[in-house]
*Asks:* 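Here's a structure for you.
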Amino acid sequence: MCGIVGAVAQRDVADILVEGLKRLEYRGYDSAGVAVINNNNELLTTKRLGKVQELAQALEQQPVTGGTGIAHTRWATHGVPSEVNAHPHVSNNTIAVVHNGIIENHQTLRSQLQGLGYEFLSQTDTEVITHLVHHELKTSDTLLSAVQKTVKQLEGAYGTVVMDSRDQDNIIVARSGSPLVIGYGLGENFIASDIMALLPVTRKFSYLEEGDVAQISRFKVSIFDTNGEPVEREAKDANVSHDSGDKGEYRHYMLKETYEQPTAIRNSLEGRLVNGMLDINTFGEGADEIFKNVEHVQIIACGTSYHSGMVARYWLEELAGVSCNIEIASEFRYRKSFVPKNSLLVTISQSGETADTLAALRLAKEIGYQSSLVICNVPGSSLVRESDLAFMTKAGAEIGVASTKAFTTQLVGLLMMTVAIGQHHGMSDEKQTEITQSLMSLPAKLDEVLALASSIEDLAEDFADKHHALFLGRGDQYPIAMEGALKLKEISYIHAEAYAAGELKHGPLALIDAEMPVIVVAPKNDLIEKLKSNVEEVRARGGLMYVFADSDANFASDDTMKVINVPVCDDIIAPIVYTLPLQLLSYYVAIIKGTDVDQPRNLAKSVTVE
Ligand code: M6R
């Protein structure tokens, strides 16, 4: 979603701001803009519809100079994507504002401000902040105090940065519901919505907490909490590679991240298995005590992360003997739910900032969940900071909007969690060892799967002219079928649905014809004979099938079926192994269709609004 970068420095900051925006492009956006204060205390604003590159070109043709500036990539919520609606928004040629989030009471504020004579140029909710700050400044000594008064009147979510052309020395930032991180330099300081934006200029960061307002100048950062009291927010060095934002030899981030999975999983396992046994401290302090008391697990997540949670439910109930429910965060947060005794709330999120998942975690604390654990890829993110325990997936930065390595490392974390909880519910040492050994065999197994890429690329040709596809799986492969369908629809724009294969005859069988390719995930397991019956049901209706199966499953290609041989693997890790061919299939279909693989239309990487 929207991205923010800001800087207070002695050098010209326009290039730093634009580079920061480029590094946030992966989040998804439709327009971009920058504003700097020049030496004559003038506000110079440039905005463009479309890619950051358009903005960069505009700035090349008409450069702006100045050491204090803010920049933004916008993902439209209120008002169409357009230059007028792009940020920064400006009031009276002095106050400039960028904002992530949604101001829910913007209509009321807009009417009040119009009554005071303010003229609105855009359709955005953000513009109310701009005029409100301008208005409050009339009765405030400082910009800081005007912003503090302004945010008290805002309802909804914001991460916002404000500057005043008459004050080159400071920018004011405020956070409530949308993350902001301060970057510390030498004689210069920065703000961004994501550390990725600032990696070329600093490695030292501190996250603002909910309700914080901060004044950032070149040599000083002053942070105030929701009551206006000065507070310290610990600054830490980021353990992220500068180059994690580069595509390297790969054509797209998604492909790079797909190929990174063996390494990502190695990193995820490293140091967590001691002599083949799980080190419980990997989940954080007090994890053993918490897991000991767990009688029920409630998993909450969205999108791809929801699918990994669905797999975990099979594992928790079958391997750990603990009851488990899973629900989509946006549903969970708006219904009254029953909380079983000694329940652990598990949230799963690549970004750690998904608005609905965060709201669900906060709700869970109010309604009696005993404790919480997050499976997450971003250290220091809101979900990590607000959960009792955290398993960091260590997948490395994931830039492609379509989640790949974050998903498979989430599954690794969830399998480790199953062992950690299972230890207290009678899981034998042999079973624990079997699971950890399977986990350790994963990276090599995934390398074998990646070697199938060229045959999957050939297969993708068959999908180029199709408008629909059906994915089928059973048991813990049903969520993998769902994940396969999500990947295909989000990057190739082909409508895809997943069904538990046993549901076929309850409706979807009516859709089967030669125009509806059916993708079947079919490792040899206890359900394979049942699945084969479902395959026959499709065949009998003239359906065309693409079956991902190991040699033990005994499928053979014929006129109605193409079989892609996946390496034989342990049942436990099969959901992870079978994910990769489906990722590759969607990738190659998207390539043929010529879509924007890394930034599919209408989507954002980190969904920080509900
Ligand atoms: O950051 P999160 O894991 O919480 O994000 C949840 C979903 O928005 C995300 O998984 C989304 O579905 C991806 N685009 C899937 O590829």
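All of these numbers come straight from a predicted model, not from anything done at the bench. Just follow the structure's listing: the first ligand is 1, and inside any ligand the first atom is 1.
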*Asks:* Side chain or backbone, does S305 bring an N or O within less than 3.5 Å of an N or O on ligand 1?
*Replies:* yes
*Asks:* Near S403, which atoms of ligand 1 are under 4.0 Å from a heavy atom of that residue?
*Replies:* 15 (C), 16 (O)
*Asks:* List ligand 1 atoms under 4.0 Å from S349, heavy atoms only on the residue side.
*Replies:* 1 (O), 2 (P), 3 (O), 4 (O)
*Asks:* From the options L488, T595, D465, select the one residue that forms a side-chain contact (heavy atoms from CB on, under 4.5 Å) with I494.
*Replies:* L488
*Asks:* If you have a sec, work out which protein heavy atom is nearest atom 16 (O) of ligand 1 and how many Å separate them, to one decimal?
*Replies:* E490 OE2, 2.4 Å
*Asks:* Of all the atoms in ligand 1, which lie at a distance below 4.0 Å from a heavy atom belonging to A402?
*Replies:* 16 (O)
*Asks:* Do we see a donor-acceptor contact under 3.5 Å between the side chains of E25 and Y29?
*Replies:* yes
*Asks:* Contact between ligand 1 and L603 is defined here as a heavy atom of the residue under 4.0 Å from a ligand atom; is it met?
*Replies:* no
*Asks:* Looking at K487, which atoms of ligand 1 are within less than 4.0 Å of one of its heavy atoms?
*Replies:* 15 (C), 16 (O)
*Asks:* I want to check a possible cation-pi pair here: K247 against Y253, using under 6.0 Å from ring centre and within 45° of the ring axis as the test.
*Replies:* yes
*Asks:* To check your reading of the model: name the closest protein heavy atom to atom 8 (O) of ligand 1, its residue, and the distance in Å.
*Replies:* V607 CG2, 3.9 Å
*Asks:* Just need the protein heavy atom nearest to atom 1 (O) of ligand 1, so name the residue and atom and give the distance.
*Replies:* S351 OG, 2.7 Å
*Asks:* With nothing but distance in play, are any N or O atoms of L486 less than 3.5 Å from an N or O of ligand 1?
*Replies:* no
*Asks:* If we ignore hydrogens and angles and just use 3.5 Å, is the side chain of D388 paired with the main-chain N or O of S372 as donor and acceptor?
*Replies:* yes
*Asks:* Charged N to carboxylate O below 4.0 Å: is that the case for E210 and R175?
*Replies:* yes
*Asks:* Among all protein heavy atoms in this structure, tell me which lies nearest to atom 4 (O) of ligand 1, with the distance rounded to 0.1 Å.
*Replies:* T354 OG1, 2.4 Å
*Asks:* Where is the tightest heavy-atom contact between A360 and F332, given as atom of each residue plus distance?
*Replies:* CB-CD2, 3.6 Å
*Asks:* Parallel, tilted or perpendicular, judged at 30° and 60°: which one describes the rings of F283 and F391?
*Replies:* tilted
*Asks:* Taking the basic N atoms (NZ, or NE/NH1/NH2) and the acidic carboxylate oxygens, is any pair closer than 4.0 Å for E19 and R23?
*Replies:* yes
*Asks:* Considering distance alone, does some N or O of T304 sit under 3.5 Å from an N or O of ligand 1?
*Replies:* yes
*Asks:* Write out the residue and atom name of the closest protein heavy atom to atom 6 (C) of ligand 1, then the distance separating them to 0.1 Å.
*Replies:* C302 O, 3.4 Å
*Asks:* Aromatic rings H468 and H495: how do their planes relate, parallel, tilted or perpendicular, breaks at 30° and 60°?
*Replies:* perpendicular
